Participant: 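I'd like to ask you about the structure that follows.
No experiment lies behind these values; they were computed from the predicted model shown. The chains referred to below are lettered A, B, ... by the order of the sequence lines, with proteins before strands, and numbering in each begins at 1.
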2 protein chains.
Amino acid sequence: MGSTSLEHRVKELEKVCRSRGFPLTIQRRVVFEAIVERDDHPSADQILEQIKERVPDISRTTVYRILDTFVQLGLITKICHPRSVARFEPKTHQHHHLVCMHCEQIIDLEENRLNGIAFPDVSCHDFQITDYHIHFRGICSGCRSKAVGSELPP
Amino acid sequence: MGSTSLEHRVKELEKVCRSRGFPLTIQRRVVFEAIVERDDHPSADQILEQIKERVPDISRTTVYRILDTFVQLGLITKICHPRSVARFEPKTHQHHHLVCMHCEQIIDLEENRLNGIAFPDVSCHDFQITDYHIHFRGICSGCRSKAVGSELPP
DNA sequence: CTGCCTGCAAACGATTTGCACCAGC
DNA sequence: GCTGGTGCAAATCGTTTGCAGGCAG
(Lines give C-alpha, C1' and ligand atoms only; values in the text may rest on other atoms or scores of the structure.)
Protein backbone atom coordinates (compact mmCIF):
# COMPACT_ATOMS: atom_id res chain seq x y z
CA MET A 1 0.00 0.00 0.00
CA GLY A 2 1.05 3.64 0.11
CA SER A 3 1.81 6.07 -2.67
CA THR A 4 1.05 3.58 -5.42
CA SER A 5 -2.53 3.28 -4.31
CA LEU A 6 -2.71 7.02 -3.77
CA GLU A 7 -1.47 7.73 -7.27
CA HIS A 8 -3.90 5.26 -8.66
CA ARG A 9 -6.78 6.92 -6.88
CA VAL A 10 -5.68 10.35 -8.00
CA LYS A 11 -5.60 9.09 -11.57
CA GLU A 12 -9.16 7.94 -11.03
CA LEU A 13 -10.09 11.41 -9.82
CA GLU A 14 -8.57 12.96 -12.91
CA LYS A 15 -10.34 10.55 -15.18
CA VAL A 16 -13.71 11.00 -13.56
CA CYS A 17 -13.45 14.79 -13.49
CA ARG A 18 -12.37 14.97 -17.09
CA SER A 19 -15.04 12.62 -18.35
CA ARG A 20 -17.77 14.49 -16.53
CA GLY A 21 -16.48 17.95 -17.35
CA PHE A 22 -15.61 18.88 -13.78
CA PRO A 23 -12.56 21.18 -13.59
CA LEU A 24 -9.75 19.60 -11.61
CA THR A 25 -8.88 22.39 -9.21
CA ILE A 26 -6.10 22.46 -6.65
CA GLN A 27 -8.67 22.29 -3.89
CA ARG A 28 -10.32 19.21 -5.30
CA ARG A 29 -7.01 17.48 -5.67
CA VAL A 30 -5.91 18.30 -2.14
CA VAL A 31 -9.19 17.28 -0.54
CA PHE A 32 -9.12 14.05 -2.49
CA GLU A 33 -5.58 13.23 -1.51
CA ALA A 34 -6.37 14.02 2.10
CA ILE A 35 -9.26 11.62 2.30
CA VAL A 36 -7.51 8.85 0.38
CA GLU A 37 -4.40 9.12 2.53
CA ARG A 38 -6.16 8.27 5.73
CA ASP A 39 -7.73 5.00 6.63
CA ASP A 40 -10.40 6.24 8.97
CA HIS A 41 -13.68 8.05 8.36
CA PRO A 42 -13.06 11.76 8.73
CA SER A 43 -15.63 14.51 9.00
CA ALA A 44 -15.54 17.58 6.76
CA ASP A 45 -13.89 19.55 9.55
CA GLN A 46 -11.22 16.93 10.08
CA ILE A 47 -10.38 17.09 6.40
CA LEU A 48 -10.25 20.85 6.65
CA GLU A 49 -7.82 20.70 9.56
CA GLN A 50 -5.68 18.22 7.72
CA ILE A 51 -5.28 20.31 4.58
CA LYS A 52 -5.05 23.75 6.15
CA GLU A 53 -1.31 23.29 6.40
CA ARG A 54 -1.01 22.75 2.68
CA VAL A 55 -3.70 25.19 1.56
CA PRO A 56 -4.15 27.72 4.35
CA ASP A 57 -6.69 29.82 2.52
CA ILE A 58 -9.14 27.07 1.77
CA SER A 59 -12.57 27.71 3.13
CA ARG A 60 -14.74 25.35 5.06
CA THR A 61 -17.51 25.90 2.53
CA THR A 62 -15.30 24.63 -0.24
CA VAL A 63 -14.50 21.47 1.65
CA TYR A 64 -18.17 20.78 2.19
CA ARG A 65 -18.91 21.46 -1.45
CA ILE A 66 -16.08 19.31 -2.74
CA LEU A 67 -16.95 16.37 -0.52
CA ASP A 68 -20.50 16.59 -1.74
CA THR A 69 -19.32 16.64 -5.35
CA PHE A 70 -17.16 13.57 -4.76
CA VAL A 71 -20.12 11.72 -3.32
CA GLN A 72 -22.17 12.56 -6.41
CA LEU A 73 -19.32 11.41 -8.61
CA GLY A 74 -19.20 8.13 -6.74
CA LEU A 75 -15.62 8.68 -5.63
CA ILE A 76 -16.30 8.58 -1.91
CA THR A 77 -19.11 7.58 0.41
CA LYS A 78 -20.89 9.63 3.02
CA ILE A 79 -21.61 7.92 6.31
CA CYS A 80 -24.01 9.18 8.87
CA HIS A 81 -25.28 7.74 12.08
CA PRO A 82 -26.94 8.95 15.25
CA ARG A 83 -25.05 11.23 17.60
CA SER A 84 -22.33 12.22 15.18
CA VAL A 85 -21.67 14.49 12.25
CA ALA A 86 -21.47 13.28 8.67
CA ARG A 87 -18.30 11.43 7.85
CA PHE A 88 -16.72 10.35 4.61
CA GLU A 89 -14.71 7.42 3.42
CA PRO A 90 -12.74 6.87 0.25
CA LYS A 91 -13.73 3.25 -0.23
CA THR A 92 -16.36 2.55 -2.80
CA HIS A 93 -16.17 -1.21 -3.04
CA GLN A 94 -18.43 -3.30 -0.86
CA HIS A 95 -17.37 -3.61 2.73
CA HIS A 96 -18.98 -3.40 6.14
CA HIS A 97 -18.68 -1.50 9.38
CA LEU A 98 -18.21 -2.08 13.05
CA VAL A 99 -19.80 0.82 14.88
CA CYS A 100 -19.06 1.45 18.54
CA MET A 101 -22.22 2.46 20.35
CA HIS A 102 -20.24 4.43 22.91
CA CYS A 103 -17.71 6.48 21.03
CA GLU A 104 -19.28 6.29 17.56
CA GLN A 105 -16.04 5.08 16.11
CA ILE A 106 -16.35 3.30 12.79
CA ILE A 107 -14.07 0.43 11.85
CA ASP A 108 -13.95 -1.03 8.37
CA LEU A 109 -14.64 -4.68 8.00
CA GLU A 110 -13.51 -6.50 4.90
CA GLU A 111 -14.82 -10.02 4.84
CA ASN A 112 -15.74 -11.66 1.59
CA ARG A 113 -18.10 -14.07 3.24
CA LEU A 114 -20.39 -11.13 4.00
CA ASN A 115 -20.47 -9.93 0.43
CA GLY A 116 -22.32 -12.87 -1.03
CA ILE A 117 -25.66 -12.58 0.70
CA ALA A 118 -28.52 -13.10 -1.73
CA PHE A 119 -30.81 -10.11 -2.03
CA PRO A 120 -34.11 -10.76 -0.29
CA ASP A 121 -37.29 -11.02 -2.28
CA VAL A 122 -38.74 -7.54 -2.13
CA SER A 123 -41.16 -7.87 -5.01
CA CYS A 124 -44.02 -6.96 -2.69
CA HIS A 125 -42.40 -3.57 -2.13
CA ASP A 126 -41.47 -3.18 -5.77
CA PHE A 127 -38.07 -2.02 -4.62
CA GLN A 128 -34.98 -2.46 -6.73
CA ILE A 129 -31.96 -3.34 -4.61
CA THR A 130 -28.59 -2.14 -5.81
CA ASP A 131 -26.29 -3.19 -3.02
CA TYR A 132 -26.13 -3.61 0.72
CA HIS A 133 -24.02 -2.85 3.69
CA ILE A 134 -23.94 -4.43 7.13
CA HIS A 135 -23.68 -2.41 10.28
CA PHE A 136 -22.33 -4.41 13.19
CA ARG A 137 -23.04 -2.60 16.42
CA GLY A 138 -21.13 -3.21 19.58
CA ILE A 139 -18.41 -1.90 21.83
CA CYS A 140 -14.85 -1.18 20.83
CA SER A 141 -11.89 -2.22 22.93
CA GLY A 142 -11.21 1.30 24.19
CA CYS A 143 -14.73 1.87 25.44
CA ARG A 144 -15.01 -1.59 26.90
CA SER A 145 -11.92 -1.20 29.03
CA LYS A 146 -13.20 2.00 30.57
CA ALA A 147 -16.79 0.80 30.77
CA VAL A 148 -18.54 1.41 34.03
CA GLY A 149 -21.79 -0.31 33.26
CA SER A 150 -24.30 2.47 33.66
CA GLU A 151 -25.57 2.62 30.12
CA LEU A 152 -26.89 0.53 27.29
CA PRO A 153 -30.10 -1.30 28.02
CA PRO A 154 -30.30 -4.90 26.75
CA MET B 1 -52.13 -6.07 15.14
CA GLY B 2 -53.82 -2.96 16.48
CA SER B 3 -54.70 -1.87 19.96
CA THR B 4 -53.56 -5.09 21.55
CA SER B 5 -50.02 -4.52 20.42
CA LEU B 6 -50.29 -0.85 21.36
CA GLU B 7 -51.44 -1.67 24.86
CA HIS B 8 -48.69 -4.18 25.20
CA ARG B 9 -46.09 -1.63 24.19
CA VAL B 10 -47.53 0.97 26.55
CA LYS B 11 -47.29 -1.56 29.36
CA GLU B 12 -43.66 -1.98 28.41
CA LEU B 13 -43.18 1.77 28.62
CA GLU B 14 -44.73 1.84 32.08
CA LYS B 15 -42.59 -1.02 33.25
CA VAL B 16 -39.36 0.42 31.92
CA CYS B 17 -40.04 3.89 33.29
CA ARG B 18 -40.98 2.54 36.69
CA SER B 19 -38.00 0.24 36.96
CA ARG B 20 -35.59 2.99 36.01
CA GLY B 21 -37.22 5.68 38.08
CA PHE B 22 -38.36 7.80 35.14
CA PRO B 23 -41.65 9.61 35.86
CA LEU B 24 -44.36 8.57 33.43
CA THR B 25 -45.64 11.92 32.26
CA ILE B 26 -48.55 12.61 29.93
CA GLN B 27 -46.10 13.82 27.31
CA ARG B 28 -44.05 10.66 27.42
CA ARG B 29 -47.11 8.52 27.11
CA VAL B 30 -48.47 10.50 24.16
CA VAL B 31 -45.18 10.55 22.29
CA PHE B 32 -44.77 6.87 22.85
CA GLU B 33 -48.27 6.05 21.64
CA ALA B 34 -47.73 8.24 18.61
CA ILE B 35 -44.61 6.47 17.50
CA VAL B 36 -45.94 2.99 18.21
CA GLU B 37 -49.15 3.67 16.31
CA ARG B 38 -47.46 4.32 13.03
CA ASP B 39 -45.58 1.85 10.95
CA ASP B 40 -43.17 4.22 9.25
CA HIS B 41 -40.09 6.03 10.52
CA PRO B 42 -41.15 9.51 11.61
CA SER B 43 -38.91 12.46 12.41
CA ALA B 44 -39.24 14.41 15.65
CA ASP B 45 -41.25 17.06 13.84
CA GLN B 46 -43.63 14.53 12.34
CA ILE B 47 -44.30 13.18 15.81
CA LEU B 48 -44.86 16.71 17.03
CA GLU B 49 -47.40 17.37 14.28
CA GLN B 50 -49.15 14.14 15.04
CA ILE B 51 -49.63 14.80 18.74
CA LYS B 52 -50.33 18.52 18.60
CA GLU B 53 -54.01 17.73 18.19
CA ARG B 54 -54.06 15.79 21.43
CA VAL B 55 -51.63 17.93 23.41
CA PRO B 56 -51.60 21.38 21.77
CA ASP B 57 -49.22 22.91 24.29
CA ILE B 58 -46.45 20.41 23.92
CA SER B 59 -43.18 21.94 22.89
CA ARG B 60 -40.86 20.78 20.20
CA THR B 61 -38.06 20.68 22.75
CA THR B 62 -39.96 18.19 24.83
CA VAL B 63 -40.50 15.91 21.87
CA TYR B 64 -36.80 15.92 21.13
CA ARG B 65 -35.98 15.27 24.76
CA ILE B 66 -38.47 12.46 25.11
CA LEU B 67 -37.37 10.71 21.94
CA ASP B 68 -33.82 10.87 23.15
CA THR B 69 -34.83 9.42 26.49
CA PHE B 70 -36.64 6.55 24.78
CA VAL B 71 -33.57 5.76 22.75
CA GLN B 72 -31.50 5.61 25.91
CA LEU B 73 -34.10 3.37 27.50
CA GLY B 74 -33.92 1.06 24.51
CA LEU B 75 -37.60 1.54 23.70
CA ILE B 76 -37.09 2.94 20.24
CA THR B 77 -34.30 3.24 17.71
CA LYS B 78 -32.88 6.32 16.08
CA ILE B 79 -32.12 6.09 12.40
CA CYS B 80 -29.97 8.51 10.53
CA HIS B 81 -28.63 8.56 7.05
CA PRO B 82 -27.19 11.08 4.63
CA ARG B 83 -29.41 13.86 3.32
CA SER B 84 -32.18 13.50 5.84
CA VAL B 85 -33.03 14.40 9.42
CA ALA B 86 -32.97 11.91 12.26
CA ARG B 87 -35.85 9.50 12.29
CA PHE B 88 -37.18 7.09 14.87
CA GLU B 89 -38.78 3.71 14.86
CA PRO B 90 -40.54 1.76 17.56
CA LYS B 91 -39.18 -1.63 16.60
CA THR B 92 -36.43 -2.98 18.75
CA HIS B 93 -36.22 -6.55 17.48
CA GLN B 94 -33.80 -7.35 14.71
CA HIS B 95 -34.93 -6.37 11.25
CA HIS B 96 -33.45 -4.68 8.21
CA HIS B 97 -34.05 -1.73 5.95
CA LEU B 98 -34.54 -0.90 2.32
CA VAL B 99 -33.33 2.64 1.78
CA CYS B 100 -34.22 4.53 -1.37
CA MET B 101 -31.24 6.51 -2.57
CA HIS B 102 -33.48 9.07 -4.22
CA CYS B 103 -36.21 9.94 -1.76
CA GLU B 104 -34.54 8.63 1.39
CA GLN B 105 -37.59 6.59 2.20
CA ILE B 106 -36.97 3.72 4.61
CA ILE B 107 -38.90 0.48 4.32
CA ASP B 108 -38.76 -2.22 6.97
CA LEU B 109 -37.66 -5.64 5.91
CA GLU B 110 -38.48 -8.62 8.05
CA GLU B 111 -36.78 -11.72 6.77
CA ASN B 112 -35.61 -14.37 9.16
CA ARG B 113 -33.04 -15.66 6.76
CA LEU B 114 -31.12 -12.42 7.22
CA ASN B 115 -31.09 -12.70 10.99
CA GLY B 116 -28.87 -15.73 11.25
CA ILE B 117 -25.64 -14.43 9.85
CA ALA B 118 -22.70 -15.51 11.95
CA PHE B 119 -20.76 -12.63 13.43
CA PRO B 120 -17.44 -12.16 11.66
CA ASP B 121 -14.22 -12.82 13.48
CA VAL B 122 -13.18 -9.41 14.73
CA SER B 123 -10.68 -10.54 17.31
CA CYS B 124 -7.99 -8.50 15.59
CA HIS B 125 -10.00 -5.35 16.34
CA ASP B 126 -10.90 -6.50 19.84
CA PHE B 127 -14.43 -5.36 19.12
CA GLN B 128 -17.41 -6.95 20.83
CA ILE B 129 -20.34 -7.27 18.45
CA THR B 130 -23.80 -7.02 19.94
CA ASP B 131 -26.01 -7.17 16.89
CA TYR B 132 -26.20 -6.15 13.29
CA HIS B 133 -28.46 -4.56 10.79
CA ILE B 134 -28.43 -4.67 7.00
CA HIS B 135 -29.01 -1.63 4.85
CA PHE B 136 -30.19 -2.52 1.37
CA ARG B 137 -29.74 0.47 -0.89
CA GLY B 138 -31.66 0.90 -4.08
CA ILE B 139 -34.57 2.65 -5.70
CA CYS B 140 -38.17 2.53 -4.59
CA SER B 141 -41.03 2.04 -6.98
CA GLY B 142 -42.14 5.67 -6.85
CA CYS B 143 -38.73 7.06 -7.69
CA ARG B 144 -38.08 4.47 -10.33
CA SER B 145 -41.22 5.30 -12.24
CA LYS B 146 -40.33 8.96 -12.41
CA ALA B 147 -36.63 8.32 -12.96
CA VAL B 148 -34.98 10.30 -15.69
CA GLY B 149 -31.53 8.78 -15.51
CA SER B 150 -29.36 11.78 -14.79
CA GLU B 151 -28.04 10.74 -11.42
CA LEU B 152 -26.36 7.93 -9.58
CA PRO B 153 -22.95 6.96 -10.88
CA PRO B 154 -22.23 3.20 -11.11
C1' DC C 1 -12.55 34.06 -23.07
C1' DT C 2 -16.27 31.75 -20.46
C1' DG C 3 -18.21 29.15 -17.03
C1' DC C 4 -17.72 26.71 -13.20
C1' DC C 5 -15.26 27.13 -8.70
C1' DT C 6 -13.88 29.45 -4.70
C1' DG C 7 -14.04 32.45 -0.49
C1' DC C 8 -16.58 35.19 2.41
C1' DA C 9 -20.39 36.23 5.19
C1' DA C 10 -24.81 35.55 6.15
C1' DA C 11 -28.76 32.35 6.28
C1' DC C 12 -30.66 28.06 7.62
C1' DG C 13 -32.62 24.18 9.98
C1' DA C 14 -32.23 20.64 13.24
C1' DT C 15 -31.14 20.04 17.79
C1' DT C 16 -29.60 21.63 22.48
C1' DT C 17 -29.38 24.49 26.60
C1' DG C 18 -30.57 27.79 30.63
C1' DC C 19 -33.96 28.89 33.48
C1' DA C 20 -38.45 29.41 35.93
C1' DC C 21 -42.50 26.85 36.65
C1' DC C 22 -45.22 22.50 37.10
C1' DA C 23 -46.39 17.66 37.80
C1' DG C 24 -45.42 12.79 39.14
C1' DC C 25 -44.34 9.95 43.03
C1' DG D 1 -42.53 18.37 49.43
C1' DC D 2 -38.83 16.92 46.57
C1' DT D 3 -37.05 15.68 42.14
C1' DG D 4 -37.04 15.56 37.72
C1' DG D 5 -39.90 17.15 33.55
C1' DT D 6 -41.67 20.71 30.78
C1' DG D 7 -42.15 25.07 28.05
C1' DC D 8 -40.17 29.01 26.33
C1' DA D 9 -36.62 31.55 24.13
C1' DA D 10 -32.14 31.90 22.90
C1' DA D 11 -27.88 29.62 21.69
C1' DT D 12 -25.34 26.22 19.11
C1' DC D 13 -23.59 23.57 15.47
C1' DG D 14 -23.23 21.46 11.11
C1' DT D 15 -24.28 22.65 6.68
C1' DT D 16 -26.06 25.54 2.74
C1' DT D 17 -26.67 29.70 -0.05
C1' DG D 18 -25.92 34.39 -2.48
C1' DC D 19 -22.75 36.93 -4.53
C1' DA D 20 -18.25 39.00 -6.38
C1' DG D 21 -13.94 37.74 -8.01
C1' DG D 22 -10.55 33.92 -9.79
C1' DC D 23 -8.85 30.01 -12.25
C1' DA D 24 -9.15 25.75 -15.30
C1' DG D 25 -10.12 24.40 -19.92
Participant: Sequence neighbours left out, what passes side chain to side chain contact (heavy atoms under 4.5 Å, CB included) with B:Q128? Give chain and number order.
Facilitator: A:R144

Participant: Under the side chain to side chain contact (heavy atoms under 4.5 Å, CB included) test, which residues partner B:E49, sequence neighbours left out?
Facilitator: B:K52

Participant: Shoot me the first and last contacting nucleotide of DNA chain C against chain A, ordered 5' to 3', at under 4.0 angstrom to non-hydrogen atoms.
Facilitator: C:dC4 to C:dA9

Participant: Listed by chain and number, what are the side chain to side chain donor-acceptor pair (under 3.5 Å) partners of A:N112, not counting sequence neighbours?
Facilitator: none

Participant: Starting at CZ of B:R60 and ending at C1' of D:dC8, how long is that distance when rounded to a whole Å?
Facilitator: 13 Å

Participant: State whether a side-chain donor-acceptor pair under 3.5 Å links A:R38 with A:Q50.
Facilitator: yes

Participant: Cluster partners of A:I117, using ILVMFWY side-chain heavy atoms under 4.5 angstrom, listed by chain and number?
Facilitator: A:L98, A:I107, A:L109, A:L114, A:F119, A:V122, A:F127, A:I129, A:Y132, A:I134, A:F136, B:L98, B:I107, B:L109, B:L114, B:I117, B:F119, B:V122, B:F127, B:I129, B:Y132, B:I134, B:F136

Participant: Please list each protein N or O that sits under 3.5 Å from an N or O in nucleotides 4-6 of chain D, with the distance.
Facilitator:
residue, atom, partner, partner atom, Å
D:dG5, OP1, B:R28, NH2, 2.7
D:dT6, OP1, B:T25, OG1, 2.6
D:dT6, O3', B:Q27, NE2, 2.9

Participant: Could I get the full list of side chain to side chain donor-acceptor pair (under 3.5 Å) partners for B:R9, not counting sequence neighbours?
Facilitator: B:E12

Participant: Starting from A:Y64, walk the hydrophobic network (Ile, Leu, Val, Met, Phe, Trp, Tyr; side-chain heavy atoms closer than 4.5 Å) and list everyone else you reach, by chain and number.
Facilitator: none

Participant: Both B:A44 and B:L24 contact DNA chain C. Taking the nearest nucleotide for each, which residue is further toward the 5' end?
Facilitator: B:A44

Participant: Describe, as an angle rounded to 10 degrees, how the axis at the first end of the helix from C:dC1-D:dG25 to C:dC25-D:dG1 is tilted relative to the axis at the last end, five pairs per end.
Facilitator: 50°

Participant: Who are the side chain to side chain donor-acceptor pair (under 3.5 Å) partners of A:Q105, not counting sequence neighbours?
Facilitator: none

Participant: Run the side chain to side chain contact (heavy atoms under 4.5 Å, CB included) test against B:T62 and tell me which residues pass, sequence neighbours left out.
Facilitator: B:Q27, B:I58, B:S59, B:R65, B:I66

Participant: Which pairs count as ring-ring contact (aromatic ring centres under 6.0 Å, His included) when at least one residue sits in residues 24-59 of chain B, sequence neighbours excluded?
Facilitator: B:F32-B:F70, B:H41-B:H97

